[in-house]
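Data first, discussion second: the structure below is written as structure tokens.
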Amino acid sequence: MRIRRSIRCLTAGILAALYLAGCAGKAGSVSETVPETTAAQTETAAKASEAEETTALQQETVQETSAAGTGQTQAADGTDSDVDRYEELLDHSGDEGKLVVYFLDLQVEGAPEEVSGDSSILISPDGKVMLLDAGHTDSSDIVVKVLKDMGIEKIDYLVASHPHIDHIGGVPAVMTEFPVETAYRSYVEYTTQTYQNYVNVLKEKGTEVVFLKTGDTFSFGDQVQVEVLGPDEEIVYPDGFPDNSTQFLNNNSLLLKFTYGGSTALFGGDLYVSQERDYIDQYGDALKADLAKANHHGKNTSNLKKWIKTVSPQVVVAMGDVMGSMDVYNNYVKEGAEFHLTLYDGIVKVVLDDQGGCEAVDQHDSWMN
């Protein structure tokens, strides 16, 4: 962990320097100008096998790291702070009557270029537990540890945003340790062994599986409503599937809007800018949310300027083990959002009341906030 924190500081030094030097003011946004076809090419031509899928994630991470800058130096602004609020954050005993979201800080030990993925733990005002994605297979131990350290004994809702390894890879390990009442997923299917392991463990455990589609709603506890904004039930697979399918699968991530009284939260998996545009056209201001998960780990394949303006969150959190894009960071900040990235901030806990209040606390102090 200390090694990883050191790597964080090296990256943070140059990024903070660039930001403070005024690079944030440069006109234009990569997310507005890079064609989606180019973004797809940066990942790999196919993920038909588990090896191809992992390679795609590694290549994507290396390219995003290069885009963030090189020649990093030690940050002098407290990025490598010894402050660690782990135990404080995981104590949710005083959060009754609030919607609480934990964005987990995942990693794959010994492979810093690996994409360790997304995993969020949500606790409803009445104490129900949702696990939204479970990270990469090789970071599943972190997900299990956090759940245990929180004192969680059962997962009421297990949601898979889409079937990439860095989102569903940890499901079998989690289900080995915790009973799951209901699993929610889209109609999208995939061909990898990771996907088959996910399907098999749900079947072996006898877990109820609910398939979600555009227009569906379900209750998260008694006071939180979840709207499914996409994708549709009918999935049109591209020619040659699963070859060249990365963008297709990402664009078929579940887009979920949580509503608790006057507060809202939006989760869109790994949506790319092409699908963000379609959802803006379809829903417009209905996408606005107090809390948002930055699509696709906060990278510039996603998080279109118009998407940021439309969603207009108070707080946005990106889960990733690289700094995906300074443009994305700057664009959110310019719109008034408080931006958090698990790479630097560690676990991020966000508490929403039912009046539009949204407060975030980080595990570590960093230059970002």
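Heavy atoms only: backbone and side chains are in, while hydrogens, waters and symmetry mates are out. Fair warning: this is a prediction, and the values are worked out from it, not measured in the lab. Counting from 1, the numbers follow the sequence of the chain as shown.
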Just to verify, which of L147, I121, I142 counts as forming a side-chain contact (heavy atoms from CB on, under 4.5 Å) with L104? I121
Taking the inter-plane angle between the rings of Y190 and F241 on a 0 to 90° scale, is it parallel (under 30°), tilted (30 to 60°) or perpendicular (over 60°)? tilted
For the residue pair Q275 and S253, establish whether any side-chain heavy-atom pair is separated by less than 4.5 Å. no
In terms of the angle between their ring planes, are H162 and H164 parallel, tilted or perpendicular, with boundaries placed at 30° and 60°? perpendicular
Only one of V228, V226, T217 forms a side-chain contact (heavy atoms from CB on, under 4.5 Å) with L212, so which one is it? V228
Quick check: do V311 and L266 have side-chain heavy atoms less than 4.5 Å from each other? yes
Lys/Arg N to Asp/Glu carboxylate O, D365 vs R85, below 4.0 Å: yes
Verify whether the ring centers belonging to H167 and H297 lie closer than 6.0 Å. yes
Among residues at least two apart in sequence or on other chains, which ones pass side-chain hydrogen bond (donor to acceptor under 3.5 Å, both in side chains) with S219? Q225
What pairs with K205 under salt bridge (Lys or Arg N to Asp or Glu O under 4.0 Å), at least two apart in sequence or on another chain? none
D156 bridged to K154 by N-O distance under 4.0 Å: yes
Pick from I347, D345, V350, L132: which one makes a side-chain contact (heavy atoms from CB on, under 4.5 Å) with F103? V350
Who are the salt bridge (Lys or Arg N to Asp or Glu O under 4.0 Å) partners of K145, not counting sequence neighbours? D149
Residues two or more places apart in sequence or in another chain: which of them pass salt bridge (Lys or Arg N to Asp or Glu O under 4.0 Å) with D216? K213
Are F258 and F267 close enough that their ring centres sit under 6.0 Å apart? yes
ILVMFWY cluster, V159 and F211 together (side-chain gap under 4.5 Å): no
Between V348 and V100, is there shared hydrophobic-cluster membership here, with clusters defined by ILVMFWY side-chain heavy atoms closer than 4.5 Å? no
For D118, salt bridge (Lys or Arg N to Asp or Glu O under 4.0 Å) partners two or more places apart: K293
Measure the shortest side-chain to side-chain distance between D327 and N300 over non-hydrogen atoms and say whether it is less than 4.5 angstrom. no
Would you mind reporting whether Y102 and M150 have side-chain heavy atoms less than 4.5 Å apart? yes
Could you note down all residue pairs passing salt bridge (Lys or Arg N to Asp or Glu O under 4.0 Å) where residues 354-363 supplies at least one of them, sequence neighbours left out? none
